[in-house]
Amino acid sequence: MRLAASGETSRVVTWLTPDHGRLATLLKGALRPNNAFLGQYDLFYTCELLYYPRPHGDLHFAKECCPIKLRTRFRSDWVACAQASYLTDLAMRAIPAHAPQRQLFLWLNHGLDELARADFTPSLTIWLELKLLDILGLAPRLSTCMTCHTPLETGRITAHFSNERGGLLCPRCAHNDTRAAPPLAADVLAILRNWQRAGTSSSVRRTRLDPQQSAPLEQLLGQFLRFHLDMPIPARDIAFAVARRG
Ligand SMILES: [Zn+2]
């Protein structure tokens, strides 16, 4: 959800919906005292929305909305709030207007639930990024060399990451590829593989990263997302900067 003022008393709210993708509605009179919309919507809420579609316009008319999830943690925990802002921004960038993307709606709805839990950790964002890449069909390939298909599952083999190739390269192929990154530390690669396979957040919440692990993970996913979404993601830099200070 994204909020903007419209006139003196109305608001434009952008929603992510399960069946109609991203859409914007006008909440007429929403800023007037005693208006029926008052307290019924806010950033990071999940709501039931009733609206009148305008067939030839991009701004529809909201009739009613009712909150289902409030996620009040984001009002008091600024580190979690910055991560939630980044997650919604990422969803907005990844989803075109009016394109039904139920899986992406479920990803954001679930992701905000995960960030709103009491045992929040900023590492959850990296796990949620991996889940998003999976939904978009862009999951990095982490088991074999992208060029020669040599298995790289064993921790004894050094592997390099390539944004352009969408996964790992063995040392021999990386040597011939000027765009390949320096070798990935074995423990960082193991965490990445583990989180990519993890269907729930429990292993992510249990993992305590030291800065030598969190920094390369954060950097690797950031570069990979920017490369494949082909756009800057300023909210990501803010979210991780707030997490480092928090
Ligand atoms: Zn190779």
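All ligand and atom numbering here is 1-based and tracks the order in the structure.
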Would you call Asp42-Arg75 a salt bridge at under 4.0 Å N-O? yes
Indicate whether the side chain of Trp127 and that of Ser201 have a donor and an acceptor atom separated by less than 3.5 Å. no
Is the closest basic N to carboxylate O distance between Arg244 and Glu218 below 4.0 Å? yes
Is any protein N, O or S atom closer than 2.8 Å to the Zn ion (ligand 1), and if so, which? Cys145 SG, Cys148 SG, Cys170 SG, Cys173 SG
Using 30° and 60° as the class limits, which term best fits the ring planes of Tyr41 and Phe37: parallel, tilted or perpendicular? perpendicular
For the pair Asp89 and Arg93, find out whether any cationic side-chain nitrogen is under 4.0 Å from an anionic carboxylate oxygen. yes
Is there a side-chain contact between Thr125 and Phe240 (heavy atoms, below 4.5 Å)? yes
